[in-house]
Structures are given as structure tokens and as C-alpha cells.
Number of protein chains: 2
Amino acid sequence: MDLTARTAEQIGEALRRTRKARGWTQSDISARTNLRVATISSLENGDAGTKLATVLAVMAALGLEFRMVERGGSLEIEDIF
Amino acid sequence: MDLTARTAEQIGEALRRTRKARGWTQSDISARTNLRVATISSLENGDAGTKLATVLAVMAALGLEFRMVERGGSLEIEDIF
DNA sequence: TCGCATGTTACGCTGTGGCGCAAAATTTAG
DNA sequence: CTAAATTTTGCGCCACAGCGTAACATGCGA
């Protein structure tokens, strides 16, 4: 499951896939973040206007964190050792 | 240079470090994104209210992309093969 | 087929991001 | 030490996210 993203759409898609993989509903995320279900929906559908705080809250609820990497950069030897 | 982030502060810090590593000024990023220097400043200083679109624009200008990973998750064998 | 769960959309409201413009504050170079 | 470059902050303005609430659509199991 690749969770690389350059766009809001890709971020929303990644969050939705992770949520489903956890077997959770948007309502579950809502309860864990105090964000409205509508807000989760909007984010998962790729709204680039979403605030960073909202994205981070959902990611925390899903147990995810960001890693910023060189565009298109795959694994490099230095990353391993 | 580790660019892992769970908070807006860490994201801002990572963006600033990457920008400096490129030898660029906030003004350079501003020119490449059509965002105000003040907006870049705010983001680098960890404003969680920043819009996703703004973060993504700056990341694109820096040649970065997001990778969402399990919290605290380091490299796993499956990531390599 | 029907009904409940899940997800999407809408309305009015408040708070605030990002804009232009500009001035202060801080950092860096000479 | 001082001037220039870089960054931060402020003001008025407009646009819109996220809120409560609710209706509507979609999906899925009994």
C-alpha cells in the first residue's frame, strides 16, 4: 500500500484507504478528533483548502505521520544504514 | 537529514531546513509559488492553520513530496523488496 | 424489499488564512 | 560597526474552512 502524495487528492485517498484498512468509519475518526464527519468527508475527497491542523488530527487518529522526501525519490542506500 | 513530522512545527522546520539546504530565501519560494513571503514565514514558523494547498505548493517548489507512514515506523523489510 | 449505517451536501455563522501594502525586527555580509 | 538582505509583524479586506444542525444519497445486511 503506497501512501505517497503530492496533491490533496492523493492525501485524501491515502487517508481513506488507511481508515478502511483499520476498519473504521468517518464517524470513528470524528469521535477521535472532534472534527465533524462532514469535515472528514471533505478532506478525503481532496479539498486542498483543508487546514493543516485538520490533516494532522486525522493522521494522528490513524496512527500515521508525515515523511517528506525528494520527489519521486525511492529508497536510497543512505536511508537503510 | 530527517524530515519526519507529526506537527505543524515539525513540518515548518523541515521546510525551512530544506529551503536553506537549497540555498534559497523565502522570497525565492514566494516567486515560485505566488505566495507572499509572509505566508511562507507563517508556515515555516509552524502555523497549523495554514491551508493544505499552501503546504503542497511550497513542497512542490522545494521538490518534495509526502509519504505517510506508520507512526514511529522505521524502515521495514517489505519497504525494501 | 426494507431499514439502518455510512457518507455527502446545504444553510447561516464565526474565525481566520492569505492578499496588498508597509513598517519593524532580525540576520548576514562588508 | 554599519548597511543591506532577509524575515517577521501589522492593518484592512475578501474568501472560505469548520461549526451546529439537518436533509439527502448511497450502501449493505436481514
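A note on names: the letters A, B, ... follow the listed sequences, proteins ahead of strands, and every chain is numbered from 1.
- DNA chain C lies under 4.0 Å from at least one heavy atom of each of the following residues of residues 17-37 of chain B: B:N34, B:L35, B:R36.
- Put simply, the residue from A:T33, A:D47, A:L35, A:I40 that forms a side chain to side chain contact (heavy atoms under 4.5 Å, CB included) with A:T54 is A:L35.
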task: May I have the step-by-step check of side-chain contact (heavy atoms from CB on, under 4.5 Å) for B:M68 and A:L15, ending in yes or no?
output: CA-CA 9 Å; B:M68 281 113 113; A:L15 293 179; 3.7 Å; yes

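- Counted by atom type alone, B:T25 and B:D28 present one or more donor-acceptor pairs between their side chains at under 3.5 Å.
- Looking only at distances, a side-chain donor or acceptor of B:T18 sits under 3.5 Å from a matching main-chain atom of B:A14.
- Between B:V69 and A:E65, some side-chain heavy-atom pair lies under the 4.5 Å cut-off.
- The backbone N or O of A:S41 lies less than 3.5 Å from no partner atom in the side chain of A:E44, so there is not a single donor-acceptor pair.
- A donor-acceptor pair is defined here as one N or O able to donate and one able to accept, closer than 3.5 Å; no such pair exists between the side chain of B:R71 and the backbone of A:G63.
- Listed pair B:R16 / D:dT8 meets the phosphate criterion, a side-chain N or O lying under 4.0 Å from OP1 or OP2.
- Classification of B:E70 and A:R22 as a salt-bridged pair holds, one side-chain N sitting under 4.0 Å from a carboxylate O.
- Of the residues in residues 42-54 of chain B, B:D47, B:G49, B:T50, B:K51, B:T54 come within less than 4.0 Å of DNA chain C through at least one heavy atom, sorted by number.
- Of the candidates B:T39, B:N45, B:L43, B:L43 is the only one forming a side chain to side chain contact (heavy atoms under 4.5 Å, CB included) with B:T50.
- Relative to the axis of its first five pairs, the axis of the last five pairs of the helix from C:dT1-D:dA30 to C:dG30-D:dC1 sits at 60°, rounded to 10 degrees.
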task: Take A:F66 and B:I11 through the side-chain contact (heavy atoms from CB on, under 4.5 Å) test and state the conclusion after the steps.
output: CA-CA 8 Å; A:F66 275 130; B:I11 288 178; 3.9 Å; yes

